[in-house]
*Asks:* 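Structure below; questions to follow.
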Amino acid sequence: MFSLKQITLYEIHLPLIEPFTISSGTQDIRRITLIEVLDNDGYTGWGECVASEYPNYSPETIDTSWIAIKQWIAPRVLGKTIAGPEEIFPFLQQDIRGHLMAKAAVEMACWELTAQKQTIPLSKLLGGTRTSVESGISLGIQKTPEDLLRKVKTAIDHGYRKIKIKIKPGSDIEYIRFIREELGMQSPLMVDANNAYTLNDADVFKEMDEFGLLMIEQPLAWDDLVRHAELQKQIKTPVCLDESITGIDRVEDMHKLGSGKIVNIKPGRVGGFASSIAIHDYCMKHNIPVWCGGMLESGVGRAHNVALASLPNFTIPGDISPSKRYWEKDIVDPEWEMNDGSMTVPLDKAGMGVEVDHDRIENLIVRKEEI
Ligand code: OSB
Ligand code: MG
């Protein structure tokens, strides 16, 4: 049981080690919103809002989520007696439509606060069973197939267990064929289109069947299920949904319609941990594998993803890469490191298992608001 006394929002800017290009745009500096919740007993919990700067992944942005938290979400939760963090999402859903990333940021910080309060690891509080989670890498669209090959080779040398290649019309078949020709059929490759195609492009995906890809992530529109079902009927490679899955209902729809065979769970996209766990449990019951996606998180969001990915049905390596893949220096201590293609789930500390580097954050702040 807890009652929140204060919510603090921080915006920091962290330059990415290399620009990250998906079909709908490029990011080079990550604007990051961090959130710190404080309860009446003096416990705190950190979280991260994964919204992007520009609405090219979902309708939410850094700026809309800031307003949503400040004006609508914080006033609904501050001062309320809350029995447990699982109560927050259904409560917010009652009268606030959308703004799932904003809701998730608050909700996930409250799970962290609860883990701190109960002195148990966040992974345990969520129902995690793994001691380590397998890492994948998500490679942005490159200028040439040769550039991509170099990146893929380096990733394999580093030990990543899954390699995801971003694609868009014009940077697809030629790139994948080149990688398969040079490296053979063994490497665990998948592609992510971030909605860059329509059903008229079905032939492109039929052609991809010969490349033995693990899956094709979100080829069609960001809010579509019906057309994805049409596409999945025509191809052998499993379709994995990312953007289209905004909650448990959409997973049920996907399952009933046959829109995909694998689910990418990003807790921010679905409204937080309670929603993620519900999706995980449904998928486990129906033999649908899941994996944990990423949104170029700092070490805080990464800690939350690692804790979530420790649940049993996360059987496919996530987009969970070590800190050094993204940043010169992360904002947590210790930074996230990969050993033998995996990340260790911190099970020896209360909460998410890494300390927020307060001095570093102070130096990076571009805006801060106490609510
Ligand atoms: O579609 O999974 C995506 C990053 C920003 C927006 C959308 C996506 C991504 C990634 C990054 O693929 C994965 C990572 O955090 O390493
Ligand atoms: Mg994706």
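As the structure lists them, so they are numbered: ligands from 1, and atoms in each ligand from 1. Numbers here are sequence positions counted from 1.
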*Asks:* Please determine which of Gln118, Gln116, Glu112 meets the side chain to side chain contact (heavy atoms under 4.5 Å, CB included) test together with Thr114.
*Replies:* Gln118
*Asks:* Under 4.0 Å from ligand 1, counting heavy atoms only, is it the side chain of Asp192, its backbone, both or neither?
*Replies:*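 Just the side chain.
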*Asks:* My understanding is that only one of Val270, Ile69, Leu92, Ile88 makes a side chain to side chain contact (heavy atoms under 4.5 Å, CB included) with Lys103; could you say which?
*Replies:* Leu92
*Asks:* Numbering the atoms of ligand 1 from 1, which are under 4.0 Å from a heavy atom of Asp242?
*Replies:* 1 (O), 2 (O), 3 (C)
*Asks:* Under 3.5 Å between some N or O of ligand 1 and some N or O of Tyr326?
*Replies:*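 Yes; the residue has a nitrogen or oxygen that sits under 3.5 Å from a nitrogen or oxygen of the ligand.
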*Asks:* Cation-pi between Lys80 and Phe91: NZ/CZ under 6.0 Å from ring centre and within 45° of the ring axis?
*Replies:*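 Yes.
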*Asks:* So, 2.8 Å as the limit: is an N/O/S atom of Asp319 located closer than that to the Mg ion (ligand 2)?
*Replies:*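 No.
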*Asks:* Looking only at distance, does Asn264 have an N or O less than 3.5 Å from an N or O of ligand 1?
*Replies:* no
*Asks:* Of all the atoms in Glu243, is at least one N, O or S atom closer to the Mg ion (ligand 2) than 2.8 Å?
*Replies:*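 No.
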*Asks:* Would you call Lys266-Asp319 a salt bridge at under 4.0 Å N-O?
*Replies:*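 Here Lys266 does not pair with Asp319 in a salt bridge, since their nearest N and O are not under 4.0 Å apart.
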*Asks:* Centroid separation under 6.0 Å, is that true for the rings of His304 and Trp46?
*Replies:*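 Aromatic pair excluded; centres sit 6.0 Å or further apart.
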*Asks:* What N, O or S atom of Asp242 is found closest to the Mg ion (ligand 2)?
*Replies:*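 Restricting Asp242 to its N, O and S atoms, the minimum distance to the Mg ion (ligand 2) goes to OD2.
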*Asks:* Tell me whether Tyr10 shares a hydrophobic cluster with Val106, the cluster being built from Ile, Leu, Val, Met, Phe, Trp, Tyr side chains joined at under 4.5 Å.
*Replies:*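 In one cluster with Tyr10: Val106, no.
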*Asks:* Quick one: look up the protein heavy atom nearest atom 12 (O) of ligand 1 and list residue, atom name and how far away it is.
*Replies:*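 Nearest protein contact, heavy atoms only, for atom 12 (O) of ligand 1 is Ser138 OG, 2.9 Å.
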*Asks:* Taking only heavy atoms of Lys164, which atoms of ligand 1 are found under 4.0 Å from at least one of them?
*Replies:*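 Near Lys164, the atoms of ligand 1 are 2 (O), 3 (C), 12 (O).
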*Asks:* Can you figure out which of Glu243, Arg325, Met295, Lys266 has its heavy atom closest to atom 3 (C) of ligand 1?
*Replies:* Lys266
*Asks:* Would you check if the side chain of Asp41 reaches a backbone N or O of Tyr43 as a donor-acceptor pair within less than 3.5 Å?
*Replies:* no
*Asks:* Decide salt bridge (Lys or Arg N to Asp or Glu O under 4.0 Å) for Arg180 and Glu210; before the verdict, give the C-alpha distance in whole Å, the side-chain angles of both, and the deciding distance to 0.1 Å.
*Replies:* CA-CA 10 Å; Arg180 280 301 192 212; Glu210 69 173 279; over 6 Å; no
*Asks:* Of all N, O or S atoms in Asp192, identify the one at the shortest distance from the Mg ion (ligand 2).
*Replies:* OD2
*Asks:* Could you tell me which atoms of ligand 1, counted from 1 in the order shown, lie closer than 4.0 angstrom to a heavy atom of Glu217?
*Replies:* 2 (O)
*Asks:* Side chains of Phe178 and Leu149: does their closest heavy-atom pair fall under 4.5 Å?
*Replies:* yes
*Asks:* Tell me if a side-chain donor or acceptor on His255 pairs with a main-chain N or O of Val251 at a distance below 3.5 Å.
*Replies:* no
*Asks:* Among all protein heavy atoms, pick the one closest to atom 4 (C) of ligand 1 and tell me residue, atom and distance.
*Replies:* Phe20 CE2, 3.5 Å
*Asks:* Do Lys162 and Leu214 touch side chain to side chain, with heavy atoms closer than 4.5 Å?
*Replies:* yes
*Asks:* Considering only non-hydrogen protein atoms, determine which one is nearest to atom 1 (O) of ligand 1 and report residue, atom name and distance to 0.1 Å.
*Replies:*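 Of every protein heavy atom, Asn194 ND2, 2.8 Å lies nearest to atom 1 (O) of ligand 1.
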*Asks:* Of all the N, O or S atoms in Glu217, which has the shortest distance to the Mg ion (ligand 2)?
*Replies:*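 Among the N, O or S atoms of Glu217, the one closest to the Mg ion (ligand 2) is OE2.
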*Asks:* Considering only the protein, which heavy-atom contact is closest to atom 9 (C) of ligand 1, and what is its distance?
*Replies:*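 Here the nearest protein heavy atom works out to Gly294 O, 3.6 Å.
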*Asks:* Return the residue, atom name and 0.1 Å-rounded distance of the protein heavy atom closest to atom 15 (O) of ligand 1.
*Replies:*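 Looking only at protein heavy atoms, the one closest to atom 15 (O) of ligand 1 is Leu296 N, 2.9 Å.
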*Asks:* Any nitrogen or oxygen of Lys166 lying under 3.5 Å from a nitrogen or oxygen in ligand 1? Just yes or no.
*Replies:*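 The answer is yes, given that Lys166 and ligand 1 share an N or O pair closer than 3.5 Å.
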*Asks:* For Ile137, which part has a heavy atom under 4.0 Å from ligand 1: side chain, backbone, both, or neither?
*Replies:* neither
*Asks:* Give the C-alpha distance, both sets of side-chain angles, the deciding distance and a yes or no for ring-ring contact (aromatic ring centres under 6.0 Å, His included) between Phe273 and Phe89.
*Replies:* CA-CA 9 Å; Phe273 282 137; Phe89 185 61; over 10 Å; no
*Asks:* Is it the case that ligand 1 has an N or O less than 3.5 angstrom from some N or O of Tyr57?
*Replies:*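 N/O-N/O distance under 3.5 Å: no.
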